[in-house]
Amino acid sequence: MPEDTSTPSPSSPLEETVAALAAAHPGLRQTEPLAFGAALADVRLTPPGTARFSWAGYEVHVTVGHEDHLDRDHPDSTALYRQVRAHATLLVPRTNGADGIGHVAWEMTNPRSEMAFPAAFAVAVADRTDPRFAAAVLSTVAKALTYTRLATEHAAAQAEKAPDRAR
């Protein structure tokens, strides 16, 4: 049998994004809207254009805007795009033991104490069936998860400096 000398076809932006995301965040999965056994590349949105992804205790909330002329560099362009916004949250399970400062009528517990991290924004093609759309959504999820790391590093550095500032 002759040796196959054909060059492999270049991977798509979606395949590249999924591979990089799986390597950086193993176990990342879409949790809303839920579809059992669906691949990460199969990005699904609720009717209002939202999705949720989960990874290592973080929830990434995604909102996709309506079709719009977002290309401000070319005002005559008729191309339509969608804005993608993603922000991560982390549930903080032990806030019940925190005492407040000052007088209140009574303490109330927070039913869902979350830390919110900075939002990531991107622009995607308007066609939600285009693989480049899914790649843009997943890329924005990855950026939001990167922001969690950066924000956590910044918060840790600030916490170390806080006692010195109080003196």
Worksheet item: Can you tell me if Thr50 and His61 form a side-chain donor-acceptor pair at under 3.5 Å?
Response: no

**Prompt:** In terms of side-chain heavy atoms, does Ser11 have a donor or acceptor partner in Glu16 at a distance below 3.5 Å?
**Reply:** yes

If hydrophobic clusters are built by linking Ile, Leu, Val, Met, Phe, Trp and Tyr wherever their side-chain heavy atoms come under 4.5 Å apart, do Val62 and Tyr147 end up in the same one? no

- [ ] Consider only side-chain heavy atoms of I, L, V, M, F, W and Y, link residues closer than 4.5 Å, and tell whether Leu145 and Met115 are in one cluster.
- [x] yes

Partner of Thr140 under side-chain contact (heavy atoms from CB on, under 4.5 Å), picked from Val123, Val64, Val84, is Val84

Using 0.5 Å steps for rounding, measure from the [atom1] atom of [X] to the [atom2] atom of [Y].
X      : Y      : atom1 : atom2 : result
Glu67  : Arg82  : CD    : CZ    : 4.5 Å
Leu150 : Thr152 : CG    : OG1   : 8.5 Å
His87  : Thr148 : NE2   : OG1   : 12.5 Å
Leu70  : Ser77  : CG    : OG    : 10.0 Å
Trp55  : His25  : CH2   : NE2   : 5.5 Å

Residues pairing under salt bridge (Lys or Arg N to Asp or Glu O under 4.0 Å) where one sits in residues 34-44, two or more places apart or in two chains, turn out to be Asp42-Arg44

So the salt bridge (Lys or Arg N to Asp or Glu O under 4.0 Å) pairs with at least one residue in residues 136-148 (sequence neighbours excluded) are none

Are side-chain heavy atoms of [X] and [Y] found at a separation under 4.5 Å?
X      : Y      : answer
Glu59  : Thr31  : yes
Phe117 : Tyr58  : yes
Leu40  : Leu28  : yes
Leu90  : Glu114 : no
Leu138 : Phe133 : no

Keeping Glu15 on the side-chain end and Ser12 on the backbone end, is there a donor-acceptor pair under 3.5 Å?
yes

message = Closer than 3.5 angstrom, by distance alone: can the side chain of Asp127 be matched with the main-chain N or O of Thr129 as a donor-acceptor pair?
response = yes

Tell me the closest heavy-atom pair linking [X] and [Y], and the distance in Å.
X      : Y      : answer
Arg128 : Thr46  : NH2-O, 4.3 Å
Ala144 : Ala120 : N-CB, 3.7 Å
Tyr81  : Val125 : CD2-CA, 4.1 Å
Ala51  : Gln30  : CB-NE2, 3.6 Å
Ala86  : Val60  : CB-CG1, 4.0 Å

* Given Phe53 and Arg29, is the side-chain contact (heavy atoms from CB on, under 4.5 Å) satisfied, shown in steps? -> CA-CA 6 Å; Phe53 293 81; Arg29 66 191 189 287; over 6 Å; no

